[in-house]
Amino acid sequence: MKRVKQYLKAIKSRVFEEDYKFLLKILNEKELEYFNRLPEFEKRHALDTCYYIIEKYGVEDEDLIKAALFHDIGKIKAPLTVHKKVLAVVLERFPFIAMHLKKYVWFLKVYYDHPKYSRDICREMGCNERVVYFVEHHHDKEVSDEGLKRLQEADKMS
Ligand SMILES: [Fe+2]
Ligand SMILES: [Fe+2]
């Protein structure tokens, strides 16, 4: 049921003028250009992750806010349609098959390894190493860094 809700949310998701006004305030030109390469539903997810952090933890941690916006930016290496994403998410339940297929299917490789691509892109954009650390490890298990825990919480809730 959770998957169905996620799917419906994804196909209905939109980015509004208010969101772009917000982005213009906090991103430089290069960052904005990268952000705009995400498909609409990924932009929505990134913004929601970012807003969750701001609402719950405030605006002090700028690295965390930036990491929230760019944690999934690696996915631009192989832009997913909602349907491809559904396939990738379902396949995740069968790790053996998924790990085998990702050798041959580029979008699956990008989907499963996106934290590494996000790390590379954040470095390319000139983000500091703390932002790079957050995005690279946002799917790690059993993390101890408080900022990373917050990012994972916000990601899950968005
Ligand atoms: Fe992710
Ligand atoms: Fe995410």
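The model shown is predicted, which means the values in this text are computed figures rather than measured ones. In listed order, ligands and their atoms are each counted from 1.
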### Task
May I ask you to check whether Glu92 and Tyr112 show a side-chain donor-acceptor distance below 3.5 Å?
no
### Message
Can you tell me how the ring of His114 sits relative to the ring of His138, calling it parallel under 30°, perpendicular over 60° and tilted otherwise?
### Response
tilted
### Query
Between Phe70 and Phe134, is the gap from one ring center to the other below 6.0 Å?
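No, too far apart.
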### Query
At the Fe ion (ligand 1), what is the angle formed between atom OD1 of Asp72 and atom NE2 of His114, rounded to the nearest 10°?
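Vertex at the Fe ion (ligand 1): approximately 80°.
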### Message
Only to 10 degrees, please: what angle do the NE2 atom of His139 and the NE2 atom of His138 make about the Fe ion (ligand 1)?
### Response
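Taking the Fe ion (ligand 1) as the apex, I get 90° for this pair.
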### Query
How is the N/O/S atom of Asp155 that comes nearest to the Fe ion (ligand 2) named?
OD1
### Message
I'd like to know whether CD of Glu62 has more than 12 heavy-atom contacts from other residues, nucleotides or ligands below 6.0 angstrom.
### Response
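For Glu62, atom CD is not crowded (no more than 12 foreign heavy atoms under 6.0 Å).
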